[in-house]
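Working notes, structure below.
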Amino acid sequence: MEIIIQPDGEQASQLAARIVARTVREKPHAVLGFATGNTPLPLYRSLVRMHREEGLDFSGLTSFNLDEYVGIPPAHPSSFHSYMWAHIFSNINLPRERINIPDGLAADIPASCRKYEQAIRSAGGIDIQILGIGTNGHIGFNEPSSSLSSRTRIKTLTEETRREAAAAFGGEDDVPTHVITMGLGTIMESRMCLLLAFGRRKARAVASAAEGPVTAMVPGSVLQMHPRAILVIDREAAAELTMADYYLWVSEHKPDWQKY
Ligand code: PGA
């Protein structure tokens, strides 16, 4: 696991954007895994800017989103479909027919989850999976106690996660109870996992995921088993890391060929 600590979320997001952009340039048919939430917003702004100003070309790419609420139509303002179109898809040239987001309205959810897994495989697997982390350690919507080898499936949200989403739905009672999420096993098959976390409120989850034991109680900790997991975090999110000084030293002393 590589842990990169940046002074603030903006600089961390710009660094993450450079990592994504490098893959997009080197592999025009790359497959990107997208996340939603507040955390990736500055990363998406950077990618949109690179598309507009530097001609970063998404036209050959395929994308898969991590998750979606069950029972929420794509056009609902708080669906992850709406989020993705508002924050990135409307502003880059990724072809609509190669955008994949779990279908929260599927009549047969297990079958649609199997199809989603199959679609990821048919696309050649995910090159970079962008991830946030919940205050409870979840990645995607794999809540604590999720199997470390889980696949795309329906999950029940914890109360903590529903509370976090309350504002988007105008109150906790209106937050859906169920979601479809890529599993931890699905995420682990991505060639690179790029996890972003900003702010003091994420510090405990970041420290548990990066330095704690690998446990289903902290789903993000499974990334310790990933051969290419990069955590890009700000100083506040790094506040509880016991080896923060070491991670900073490593970043500051990278040879040029190793820099992002
Ligand atoms: P956030 O959510 O980016 O809105 O903090 C992250 C998550 O819950 O995965």
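Count residues from 1 along the sequence. Start at 1 and go down the list; that is how both ligands and their atoms are numbered. All of these numbers come straight from a predicted model, not from anything done at the bench.
Closest to atom 4 (O) of ligand 1 among all protein heavy atoms lies Asn38 N, 2.9 Å. Distance from atom 6 (C) of ligand 1 to its nearest protein heavy atom, with residue and atom name: Ile133 O, 3.6 Å. What sits closest to atom 9 (O) of ligand 1 on the protein, heavy atoms only, is His138 NE2, 3.3 Å. Among all non-hydrogen protein atoms, the one lying nearest atom 3 (O) of ligand 1 is Thr39 OG1, 2.5 Å.
Those atoms of ligand 1 that come under 4.0 Å of a heavy atom in Gly37, given as number and element, are 3 (O), 4 (O). Against a heavy-atom cut-off of under 4.0 Å, Gly134 is close to the following atoms of ligand 1: 7 (C), 8 (O), 9 (O).
Counting heavy atoms under 4.0 Å from ligand 1, residue Ile139 does not touch it at all.
Using bins of under 30°, 30° to 60° and over 60° for the plane-to-plane angle, the ring pair Tyr44/Phe34 lands in the perpendicular bin.
Contact between Lys202 and ligand 1 is present, with at least one heavy atom of the residue lying under 4.0 Å from the ligand.
Here the closest heavy-atom approach between residue Pro74 and residue Ser82 is recorded as O-OG, 3.1 Å.
Annotation: Phe89 is not in aromatic contact with Phe58 [ring centroid separation under 6.0 Å not met]. Between Tyr69 and His81, a ring centre-to-centre spacing not shorter than 6.0 Å is recorded.
Using a 4.0 Å cut-off between charged nitrogen and carboxylate oxygen, Arg201 and Glu236 do not count as a salt-bridge pair. The pair Glu143-Arg162 does not count as a salt bridge, with every side-chain nitrogen at least 4.0 angstrom from each carboxylate oxygen.
The shortest N or O to N or O distance between Thr36 and ligand 1 is not below 3.5 Å.
No side-chain donor-acceptor contact under 3.5 Å links Arg228 to the backbone of Arg191.
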